[in-house]
Student: 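For reference, the structure I am asking about is given below.
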Amino acid sequence: MNRRDAITRVGLLVGGTVIGAEAFLSGCAKRSSEEISKIGFSNDVVLLLDEVGETILPATASSPGAKAAGIGEFMKIIVTDCYEVNDQKIFIDGVNLLQNASKQKFNKTFTELLAVERHDLVVLLDTEAKAYSKNKKKDEPTHYFSMIKQLTLWGYFTSETGSTKALRYVPIPGKYEGCIAYTKGDRAWSET
């Protein structure tokens, strides 16, 4: 996915359903480090999620990528503090499924893959997640890759890095202007 597609879909993400958003918005209870370790967020998992996030939203000449925003740590915090236990399990099992898919397709872990192989795997998983979402029943869980992608977009575009470097950002805005000209290819405006 390119940066322009990601920015276009952020509106959908913000307006759509994000797993754990209710707990995040209403205030979530902190879990102990023992509970977090039971969930399965080792430093290796956080580093892996940084790399997956960077593949979804890579650095460009004009803005840093998801790894610069600390996306792996963001996912860890949201999943451990805001996800329900069932969604936490789907997410962590999904990280393992992602690694298994990498080993099955390329005979290497995700972090060992070349950039083009990472891209191909992420596209494959995204296609799989879209097909799953299209055909899933209402009571079935969200696909793990959809969770990873949602958190990557949410975390990046609400981070200081994403909102000030990837989006147009005015630190001290002037008067409210409800209608500002937009030229195709311009960066979207930051809301932070």
Side-chain angles (χ1 to χ4, degrees), residues 1 5-6 8-57 66-67 69-106 109-111 113 118-159 162:
M1 165 184 291
D5 285 343
T8 302
R9 294 174 191 205
V10 160
L12 177 63
L13 175 68
V14 173
T17 302
V18 176
I19 295 173
E22 297 85 18
F24 174 76
L25 294 173
S26 64
C28 34
K30 284 279 197 192
R31 292 192 169 98
S32 70
S33 57
E34 183 179 306
E35 289 174 306
I36 291 170
S37 66
K38 284 181 187 175
I39 294 169
F41 272 102
S42 66
N43 287 336
D44 290 341
V45 171
V46 172
L47 294 173
L48 170 65
L49 292 172
D50 274 339
E51 296 301 326
V52 174
E54 186 73 13
T55 305
I56 294 169
L57 285 173
K67 192 186 328 184
I71 207 66
E73 191 62 33
F74 174 82
M75 288 188 211
K76 174 184 173 181
I77 290 168
I78 295 299
V79 171
T80 57
D81 290 352
C82 302
Y83 274 26
E84 297 291 329
V85 174
N86 291 340
D87 292 327
Q88 289 173 346
K89 182 171 178 13
I90 291 167
F91 188 91
I92 292 299
D93 289 348
V95 170
N96 295 327
L97 289 171
L98 184 145
Q99 285 287 42
N100 291 341
S102 177
K103 289 175 187 171
Q104 184 177 7
K105 185 163 176 64
F106 298 105
T109 65
F110 189 85
T111 54
L113 298 178
R118 288 179 182 189
H119 175 267
D120 291 347
L121 182 61
V122 164
V123 168
L124 177 73
L125 294 174
D126 191 41
T127 303
E128 177 186 303
K130 286 176 183 175
Y132 174 85
S133 295
K134 184 177 180 181
N135 298 316
K136 82 178 188 92
K137 293 176 179 58
K138 187 175 182 167
D139 59 335
E140 291 180 325
T142 301
H143 192 278
Y144 74 90
F145 189 76
S146 295
M147 293 177 174
I148 292 171
K149 189 173 169 184
Q150 284 177 352
L151 289 175
T152 299
L153 293 172
W154 178 20
Y156 182 75
F157 289 107
T158 58
S159 72

Student: Using the salt bridge (Lys or Arg N to Asp or Glu O under 4.0 Å) criterion, which residues pair with Glu54? Sequence neighbours excluded.
Tutor: none
Student: When rounded to the nearest 0.5 angstrom, what distance separates OG1 in Thr111 from CG in Asp50?
Tutor: 11.5 Å
Student: Roughly how far, to the nearest 0.5 Å, is the CG atom of Leu151 from the CE atom of Met147?
Tutor: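 It comes to 8.5 Å.
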Student: How far does CG of Leu113 sit from CG of Asp120, to the nearest 0.5 angstrom?
Tutor: 9.5 Å
Student: For Ser102 and Phe110, which heavy atoms make the closest approach, and how far apart are they?
Tutor: OG-N, 3.2 Å
Student: Take a 6.0 Å sphere around CG of Asn135 and say whether it holds more than 12 heavy atoms from other residues, nucleotides or ligands.
Tutor: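 Correct, the count exceeds 12.
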Student: Is there a donor-acceptor pair under 3.5 Å between the side chain of Gln88 and the backbone N or O of Tyr83?
Tutor: yes
Student: Is the number of heavy atoms from other residues, nucleotides or ligands under 6.0 Å of Gln104 CD greater than 12?
Tutor: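 No, not enclosed.
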Student: For the NZ atom on Lys105, are there more than 12 heavy atoms of other groups (residues, nucleotides or ligands in this structure) within a distance under 6.0 Å?
Tutor: no
Student: Over all heavy atoms of both residues, which pair between Tyr156 and Ala66 is shortest? Give the atoms and the distance, please.
Tutor: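 Heavy-atom minimum between the residues: CD1-CA, 3.7 Å.
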Student: Taking all non-hydrogen atoms of both residues into account, name the closest pair between Tyr144 and Val95 and its distance.
Tutor: CD1-N, 4.5 Å
Student: Side chains of Val123 and Thr127: closer than 4.5 Å at any heavy-atom pair?
Tutor: yes
Student: Please report the shortest heavy-atom distance between Ala101 and Leu125, naming the atom on each side.
Tutor: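 Closest approach of Ala101 to Leu125: CB-CD2, 4.3 Å.
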Student: Check Lys149, Glu128, Lys136 against His143 for a side chain to side chain donor-acceptor pair (under 3.5 Å) and give me the one that passes.
Tutor: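 Considering Lys149, Glu128, Lys136, a side chain to side chain donor-acceptor pair (under 3.5 Å) with His143 is found only for Glu128.
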Student: When rounded to the nearest 0.5 angstrom, what is the spacing between CZ in Phe91 and CG in Leu49?
Tutor: 5.0 Å
Student: Carefully, step by step, assess Glu51 and Leu47 under the rule side chain to side chain contact (heavy atoms under 4.5 Å, CB included).
Tutor: CA-CA 6 Å; Glu51 296 301 326; Leu47 294 173; 5.8 Å; no
Student: Would you give the length of the straight line joining atom NZ of Lys103 to atom CG of Leu121, rounded to the nearest 0.5 angstrom?
Tutor: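 Going from NZ on Lys103 over to CG on Leu121, the span is 12.5 Å.
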Student: Please report the shortest heavy-atom distance between Pro141 and Ile90, naming the atom on each side.
Tutor: CB-CD1, 3.1 Å
Student: Atom CD1 in Ile56, atom NZ in Lys67: separation rounded to 0.5 Å?
Tutor: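 Atom-to-atom, Ile56:CD1 and Lys67:NZ are 13.5 Å apart.
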